[in-house]
Amino acid sequence: MLTQQGRVRRIDRTDRTDRAGRADPALATDREHATGRGPGIYWMSRDQRPFDNWALAFAQELALAQKRPLWTVFCLAPGYPRANRRHYEFMLRGLSLTGRLLAGQNIPLVLLTGRPPDELAAFCAAKDAAFVVADFDPLRHKQAWLDEAARRIGAPLYEVDAHNVVPCRLASDKQEFAARTIRPKIQRLLPEYLTPFPEPEPHPFLSPDAPSAPDWRAAAAYPQAANEPGPVPGFEPGPLAAAKALEDFIAHRLDGYASRRNDPAPDGQSGLSPYFHFGQLAPQRAALDVMAAKTGSAEDKAAFLEELIIRRELSDNFCLHQPDYDALSGGPAWGLAELAAHAGDKRPFLYDFEVFEGANTHSALWNAAQRQLAVTGKMHGYMRMYWAKKILEWSESPQAAFETALTLNDRYSLDGRDPNGFTGVHWSITGLHDRPWTPRPVYGKIRYMNERGCRRKFDVAAYIAAQDAARTR
DNA sequence: ATCGGCTCGCGCAA
DNA sequence: TGCGCGAAGCCGAT
């Protein structure tokens, strides 16, 4: 019994039943032999929503089988890597809305503050928790917290990938080389995994000692460093705002997405990435709704689904399997060799971090992109590539460029500190998931981009003017 | 406007 | 072992 204790049990949806429809024997054992007498716990971290959430669904399934209450626990971690006011404000407001919705389903949300494995272990001991279900996150500190929690919590701890359509560990067990190598692996499993979510059901088992609602005011007073970027005004967090944003995208912008997505005019992008990052919107929900949409051509839908599923899951795959995902050294060998060979090349312009951060380069287009990031917390996908490639070209070393791009993205982007961000910076600077091209100074064979390309694709002057207007507004 | 070449390595066919 | 082809491009030729 409970032979898995002390280790994280990785669950994917096929673990529930095998192909013949029989329950997984080890899981069936766990189901019936939970030791604690307290509630089951969903340790919410990456997927901060009360529905469309496979980790929550699995936790509720276990709690129902064991006829016990289910609580959700979120642990705020002081000093969480590169998190600042902009992120906390968006996250906490969304989380309080999620908490309210969960309470309506008889699943109270408990807010802890501290180092997550310490807090979870203490909380589970105090409440005699029967089991813990955590959502999957490929980032190394999250994986380490999960491993440590599994060793310290007496109850079994399960990991469920609630973020990817095809669970990351199931799609591939190694670092994939490119989109084309992971694409067939994901496509093959999509019919099995791209299925409707269960309807949320009020939980029938209540705790006699149910926790009271979290003190969100105290949480918001969380210590903050000076000079951090502030909240992004006019951008509503929360699972209901996210659902509305998805509906709005499908109604008004899915049509023509395939041809417009490289145009950074405001209406081309989906604008959903902050919701995805904080798990306020499930990529699988977006995929299901887009596929069922009456708007948009087959080509529009395919383009959106490619970005939503293949490229998003490729970035999780990169972070899970590449320990140096947030360092230059995590790039592909051929790209790093190119950068090293061109380390001595003359840079046409040389800027340090402060010039980039202040949007004070010679290039009005680059500065506009940086301002868009600083002001709105978002940058259009095409401009992110151009923006990062110019940081490489105008920094004294690839090392400095990598740090500048990652720091600015993490500091200002609402979806910073995300596998997508790490992967995007690597794609631009080290050639990750890309192929070699005609050699150039500084870049070597890593793909080069320039302002002429932008002019070919969109109205650069209008883009610059739009960012100026946003700044003075 | 459109096209081919650039250039490396993965994965499959043979 | 050979071969097709690829995360978003650039450039020059036509």
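Chain letters run A, B, ... following the sequence lines, proteins first and then strands; every chain starts at 1. Not measured: the values here are computed from a predicted model.
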query: Is a salt bridge present between A:E228 and A:R411, judged by a nitrogen-to-oxygen distance below 4.0 Å?
result: no
query: What is the distance, rounded to the nearest whole Å, between atom NZ of A:K185 and atom P of B:dC10?
result: 12 Å
message: Would you measure the distance from the P atom in C:dG9 across to the matching atom in B:dC10 and give it in whole Å?
response: 24 Å
task: Using whole Å, report how far CH2 of A:W437 lies from P of C:dG9.
output: 8 Å
message: Looking at B:dC8, I'd like to know if its phosphate oxygens (OP1 or OP2) sit under 4.0 Å from a side-chain N or O belonging to A:K445.
response: yes
- request: Could you let me know what C:dT1 is paired to, Watson-Crick or G-U wobble, both distances under 3.5 Å, or none if it's on its own?
  value: B:dA13
query: Checking all strands, does A:R456 fall into the base, sugar-phosphate, or nothing category for heavy-atom contacts under 4.0 angstrom?
result: sugar-phosphate
message: Checking contacts here: which listed nucleotide (B:dC8, C:dA7, B:dC10) is nearest the side-chain heavy atoms of A:R311?
response: C:dA7
message: Any donor-acceptor pair under 3.5 Å linking the side-chain atoms of A:S297 with those of A:D300?
response: yes
message: In whole Å, measure the gap between the P atoms of C:dG4 and B:dG4 for me.
response: 15 Å
Whether A:F458 and A:Y463 hold their rings parallel, tilted or perpendicular, with breakpoints at 30° and 60°: perpendicular
message: Students often get this wrong, so: under 4.0 angstrom with heavy atoms, is A:R384 touching a base, only sugar-phosphate, or nothing?
response: nothing
query: Considering only the C1' atoms, how many Å lie between C:dA8 and B:dG11, rounded to the nearest integer?
result: 23 Å
query: Are A:Y42 and A:F58 near enough that their ring centres are under 6.0 Å apart?
result: no
- line: Across every strand shown, the nucleotide meeting Watson-Crick or G-U wobble geometry with C:dA7 (both distances under 3.5 Å) is none
task: Any chance you could lay out the salt bridge (charged side-chain N to carboxylate O under 4.0 Å, His left out) test for A:R151 and A:E148, step after step, and finish with the verdict?
output: CA-CA 5 Å; A:R151 287 193 302 273; A:E148 185 183 338; 5.1 Å; no
message: Checking contacts here: which listed nucleotide (C:dC11, B:dC10, B:dC8) is nearest the side-chain heavy atoms of A:R435?
response: B:dC8
Nearest listed nucleotide, side chain of A:A179, among B:dC8, C:dA7, B:dC10: C:dA7
task: Rounded off to whole Å, could you give me the CZ-to-P distance for the A:R447 and B:dC6 pair?
output: 17 Å
N or O in side chain of A:N450 less than 4.0 angstrom from C:dC10 OP1/OP2: yes
message: C:dC11, OP1 or OP2 - any side-chain N/O from A:R452 closer than 4.0 Å?
response: yes
- request: Find the partner of B:dT7: check Watson-Crick (N1-N3 plus N6-O4 or O6-N4) and G-U wobble (N1-O2, O6-N3) distances, both under 3.5 Å, and reply none if neither fits.
  value: none
- prompt: Between atom CD in A:E176 and atom C1' in B:dG11, what is the gap in whole Å?
  reply: 11 Å
message: Using a 4.0 Å heavy-atom cut-off, does A:P439 contact any base of the nucleic acid, only the sugar-phosphate backbone, or nothing at all?
response: sugar-phosphate
query: For A:K390 and C:dG9, what is the distance between atoms NZ and C1' respectively, to the nearest whole Å?
result: 12 Å
message: Regarding A:K174, tell me which of base, sugar-phosphate or nothing describes its non-hydrogen contacts under 4.0 Å with the strands shown.
response: sugar-phosphate
- prompt: So, A:Y257 and A:E307: side-chain donor and acceptor under 3.5 Å apart, yes or no?
  reply: yes
message: If you only use heavy atoms from C-beta on, which nucleotide in C:dG9, C:dC11, B:dG9 is closest to the side chain of A:Y382?
response: C:dG9
query: Just how far, in rounded Å, is P of B:dG11 from NE2 of A:H433?
result: 12 Å
message: Without decimals, in angstroms, what is the distance between A:Y386 OH and C:dC10 C1'?
response: 14 Å
- request: Specify the separation, in whole Å, of atom NZ of A:K457 and atom P of C:dC10.
  value: 6 Å
